[in-house]
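To keep things clear, I will list the structure first and then write my remarks on it.
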Amino acid sequence: MTLSLTFDSGAVVIAGGSGGLGEGIARRFAETGLPVVITYHSNARKAAAIQADIEATGGRCESLRVDLAKPDEVNALFADVAARHGRIAHVVYAAGPHFEFNFIGSIPDQEWHHVVNADIN
């Protein structure tokens, strides 16, 4: 079964677009013809490679470094994207700190609190 996605105008902002889940979402939205803006925190090389690959297949993509823990940077991102693309059609949050998958009882308390606080704050 093939799922066809169509959307109105505007850009898609994908926070954490350089990660595995964010990359897949970015690629799928790019296939719809909407411009995609992916953010990354530290992996500029991966974000640039995703952007180049999306553009090589005819999509429109930008990659921007944004610290999602800093409200001023997030507000600036949204203001910039809306100004350049007319509006923001969709926002996807696919970001979060990396942690090693393990049994939940084996995750050290400090690491668990870091991940949970980053995702809910």
Side-chain angles (χ1 to χ4, degrees):
M1 181 172 109
T2 301
L3 177 63
S4 177
L5 299 174
T6 57
F7 297 100
D8 292 332
S9 64
V12 179
V13 176
I14 302 170
S18 65
L21 180 61
E23 176 183 354
I25 294 167
R27 291 179 185 282
R28 189 67 174 113
F29 268 112
E31 290 173 3
T32 72
L34 290 177
V36 175
V37 179
I38 64 172
T39 72
Y40 65 92
H41 183 260
S42 60
N43 200 343
R45 181 176 294 153
K46 175 116 186 258
I50 293 166
Q51 177 181 343
D53 192 47
I54 288 173
E55 290 174 343
T57 59
R60 295 178 290 165
C61 184
E62 307 169 42
S63 59
L64 302 171
R65 187 196 179 287
V66 177
D67 185 343
L68 298 174
K70 296 181 178 178
D72 289 345
E73 288 190 28
V74 175
N75 290 334
L77 166 71
F78 288 136
D80 176 58
V81 172
R84 289 185 298 107
H85 295 282
R87 72 183 193 101
I88 297 172
H90 306 281
V91 176
V92 177
Y93 179 79
H98 172 75
F99 66 97
E100 184 176 332
F101 285 94
N102 205 335
F103 292 109
I104 197 165
S106 301
I107 299 172
D109 286 347
Q110 183 177 358
E111 186 175 343
W112 177 257
H113 289 289
H114 173 71
V115 170
V116 170
N117 287 333
D119 283 342
I120 63 174
N121 284 330

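The structure displayed is predicted, hence computed values, not measured ones.
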Exercise for the section: Name all residues meeting the side-chain hydrogen bond (donor to acceptor under 3.5 Å, both in side chains) criterion together with E55; count only those two or more places apart in sequence or in a different chain, and write none if there are none. Expected result: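 E55: side-chain hydrogen bond (donor to acceptor under 3.5 Å, both in side chains) contacts with Q51.
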What are the two closest non-hydrogen atoms of [X] and [Y], and how far apart are they?
X: P35; Y: R60; result: CD-NH2, 3.2 Å
X: D67; Y: E73; result: N-OE1, 2.7 Å
X: A26; Y: I38; result: CB-CG2, 3.7 Å

Please tabulate, for the side chains in residues 74-89, all donor-acceptor contacts under 3.5 angstrom to protein atoms that are two or more places apart in sequence or on a different chain.
from : atom 1 : to  : atom 2 : distance (Å)
N75  : ND2    : P71 : O      : 3.3
D80  : OD1    : R84 : NE     : 3.1
D80  : OD2    : R84 : NE     : 3.1
D80  : OD2    : R84 : NH2    : 2.9
R84  : NH1    : E62 : OE1    : 3.1
R84  : NH1    : E62 : OE2    : 3.0
R84  : NH2    : E62 : OE1    : 2.6
H85  : NE2    : E62 : OE2    : 2.8
R87  : NE     : S9  : O      : 3.0
R87  : NH2    : S9  : O      : 2.8

Practice task
First locate atom CZ of R45, then atom OG of S18, and finally report the distance between them rounded to the nearest 0.5 Å.
Solution key: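 The CZ atom of R45 sits 13.0 Å away from the OG atom of S18.
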Problem - Inter-residue atom distance C61.SG - I14.CD1, 0.5 Å rounding - result: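 Here the rounded value is 7.5 Å.
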Handout entry: Heavy-atom donor-acceptor pair, T39 side chain to G16 backbone, under 3.5 Å
Key =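 Such a contact is found between T39 side chain and G16 backbone.
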Handout entry: Any residue meeting side-chain contact (heavy atoms from CB on, under 4.5 Å) with A30, in chain and number order, not counting sequence neighbours
Key =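 Testing A30 for side-chain contact (heavy atoms from CB on, under 4.5 Å), a comparison that skips the adjacent residues, returns V36, I54.
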Exercise for the section: Assess whether side chain to side chain contact (heavy atoms under 4.5 Å, CB included) is satisfied between Y40 and I50, documenting all intermediate values. Expected result: CA-CA 11 Å; Y40 65 92; I50 293 166; over 6 Å; no
Handout entry: Selection residues 9-25 - residue pairs positive for salt bridge (charged side-chain N to carboxylate O under 4.0 Å, His left out), sequence neighbours left out
Key =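 Non-adjacent pairs meeting salt bridge (charged side-chain N to carboxylate O under 4.0 Å, His left out): E23-R27, E23-K46.
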